[in-house]
Amino acid sequence: MEIVFGILSGLATSWGLGGGALLIPLLVNFIGIDQHIAQATNLIFFIPTALCSVIVNSKNKLVKYKLAFQVIIYGIIGTIIGSIISNKLNKIFLRKIFGILLLIIAIMEMYNFYKMYIKKESRHNNNKQQEK
């Protein structure tokens, strides 16, 4: 089971989706790991998988290094603050916050999909009808 979870999370990471959004719920809900431990495990999981993605994307010249370094600095600060806060939170409350965050991300992704594909297709069809 862990092998499947690792592969799925690695795929999500390589696509830039953040494997933790998949790995943490899998660890908590299917293996029964405590939320705090699942989140900490995800952080360790992230290091080698992210490094592989950086190598592949760097070879394809898809990385903006100046932007990446700025995000890394602020990400480290956020990680320290978030870890301190997370350790003080009740695990049930932490699960709820994580679930809400995943829901917000899902809604944003659906909206972006709608804007990019559905609206675009609708405009494309309207333009074809006007040409006739």
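Quick note: residue numbers are just sequence positions, from 1.
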Can you list the residues that meet the side-chain hydrogen bond (donor to acceptor under 3.5 Å, both in side chains) rule with Ser58, with sequence neighbours excluded? Tyr65
Evaluate whether atom CG of Leu103 has more than 12 neighbouring non-hydrogen atoms of other residues, nucleotides or ligands under 6.0 angstrom away. yes
Could you give the side-chain donor-acceptor pairs of residues 22-38 under 3.5 Å, partners two or more places apart or in another chain?
residue, atom, partner, partner atom, Å
Asn29, OD1, Arg95, NH2, 2.9
Asn29, ND2, Pro25, O, 3.1
Asp34, OD2, His36, N, 3.1
Gln35, NE2, Gln39, OE1, 2.8
His36, NE2, Ser86, O, 2.9
His36, NE2, Leu89, O, 3.3

Straight-line distance of Ile105 CD1 to Leu101 CG, nearest 0.5 Å: 4.0 Å
Is a side-chain N or O of Ser83 found less than 3.5 angstrom from the main chain of Ile80, in a donor-acceptor match? no
Nearest atoms (heavy-atom pairs only) where Phe45 meets Ser9: CZ-CB, 3.4 Å
Treat each ILVMFWY residue as a node, draw an edge where side-chain heavy atoms are under 4.5 Å apart, and state whether Met116 and Phe113 are in one component. yes
Phe46 with Leu51, same ILVMFWY side-chain cluster at under 4.5 Å: no
Is there a continuous path of hydrophobic side-chain contacts, each under 4.5 Å between heavy atoms, that joins Ile100 to Phe98? no
Quick one: do Ile3 and Leu11 end up in the same hydrophobic cluster if we chain Ile, Leu, Val, Met, Phe, Trp and Tyr together by side-chain heavy atoms under 4.5 Å apart? yes
Group every Ile, Leu, Val, Met, Phe, Trp and Tyr by side-chain heavy-atom contacts under 4.5 Å, then state whether Leu62 and Val54 land in the same group. no
dist Tyr74:OH -> Thr79:OG1 (nearest 0.5 Å) comes out at 14.5 Å
Write out all pairs satisfying side-chain hydrogen bond (donor to acceptor under 3.5 Å, both in side chains) with one or both partners inside residues 99-110, taking only residues at least two apart or from two chains. none
Within a radius of less than 6.0 Å around CZ of Phe5, do more than 12 heavy atoms belonging to other residues, nucleotides or ligands occur? yes
Could you tell me whether Leu67 atom CG has more than 12 heavy atoms of other residues or ligands within 6.0 Å of it? yes
What is the distance from atom CG of Asn90 to atom NZ of Lys96, rounded to the nearest 0.5 Å? 8.5 Å
Set out, in order, the CA-CA distance, both residues' side-chain angles and the distance that settles side-chain contact (heavy atoms from CB on, under 4.5 Å) for Asn112 and Lys115, then state yes or no. CA-CA 5 Å; Asn112 287 333; Lys115 278 190 347 188; 4.1 Å; yes
